[in-house]
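To start, the structure under review is shown below, and the notes come after it.
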Amino acid sequence: MIYLKTEEEIELIRESSLLVGKTLAEVAKLIEPGVDPLKLDRVAEEFIRDHGGVPGFKGYNDFPNTLCTSVNSQVVHGIPNSKALKNGDIISVDCGVVMNGFYGDVAYTFEVGEVSEEIHQLLETTKACLQKGIEAAKAGNRIGDIGFAIQSLAEENGYGVVRELVGHGLGKNLHEGPEVPNYGRRGTGMKLKEGLVIAIEPMINLGKKNVKQDADGWTIVTADGLVSAHFEHDIVIRKDKAEVLSTHEYVEEVLNKKKNK
Ligand code: MG
Ligand code: MG
């Protein structure tokens, strides 16, 4: 189902999204070689509960944890484990919160220690793809315009765009209509209306677009074994532009502080 939100509902989604952004900043403080994803998961769950939220993923379709932690060739839906992160790894951390009946859903891909220039560029481009998608998400445009913007930038850079997993509407449910693919044709698909809240979340592969599911029944991995990046924001469609409800600012403050140490 597709629901257009009232301003009151949009504010509640914003609050949940901001709590996710702050949670990811707590995670950012801990990411370094030697830390394991389960530790990140514990810290995130405690932080969310301390701030009046409930982890949005835990128990969702029986997902066992607060975070999805997807390392290197894992694209999304990785289950946190006790395997220590290594220098040069990347880890996508995807987190959901439900608070006052509304969800926030935000993801960020982190560098662990020093990564190769090739991988750094993939992360930068995936972030730029998210920005392009957001710029295309305004009233009167169509769903296909968002995907077209994301796909064009990714493929210009020689990357693969994951087809099987997509962005989505967001509100009282973690996943609502419409689906928001990261690929598409201009001027196609549902027309975007003011008050529609969607999560835009490009998943961009260093190599080919193909993915497969791991034996754990959750984790999606690239078919060619090359790394994949994932960034996600929650936005509301407004008249002339999208308004971003979530933020990566708290995360980036932490990362900048770590860099300047
Ligand atoms: Mg997410
Ligand atoms: Mg999502």
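Small disclaimer: the values here were computed from a predicted structure and weren't measured. Both backbone and side-chain heavy atoms feed into the values below; hydrogens, waters and symmetry mates do not. Order of appearance sets the numbers: ligands from 1, and atoms from 1 within every ligand.
Restricting Glu201 to its N/O/S atoms, the shortest distance to the Mg ion (ligand 2) is reached by OE2. Taking the Mg ion (ligand 1) as reference, the nearest N/O/S atom within Asp94 carries the name OD1.
A cation-pi contact links Arg163 to Tyr183, judged by a cut-off of 6.0 Å to the six-membered ring centre and 45° from its axis.
With respect to His248, the side-chain contact (heavy atoms from CB on, under 4.5 Å) criterion is satisfied by exactly one of Glu253, Glu232, His233: His233.
Clustering ILVMFWY residues whenever any of their side-chain heavy atoms sit less than 4.5 angstrom apart, transitively, puts Ile143 in a cluster other than the one holding Leu153.
Between the Mg ion (ligand 2) and His168 there is an N/O/S contact shorter than 2.8 Å. At a cut-off of 2.8 Å, Glu232 coordinates the Mg ion (ligand 2) through an N, O or S atom. Among the atoms of Asp105, an N, O or S atom falls under 2.8 Å from the Mg ion (ligand 1).
Taking the six-membered ring for Trp, Tyr108 and His230 have ring centres at least 6.0 Å apart.
Side-chain contact between Leu123 and Lys127 is absent, with no heavy-atom pair separated by less than 4.5 Å.
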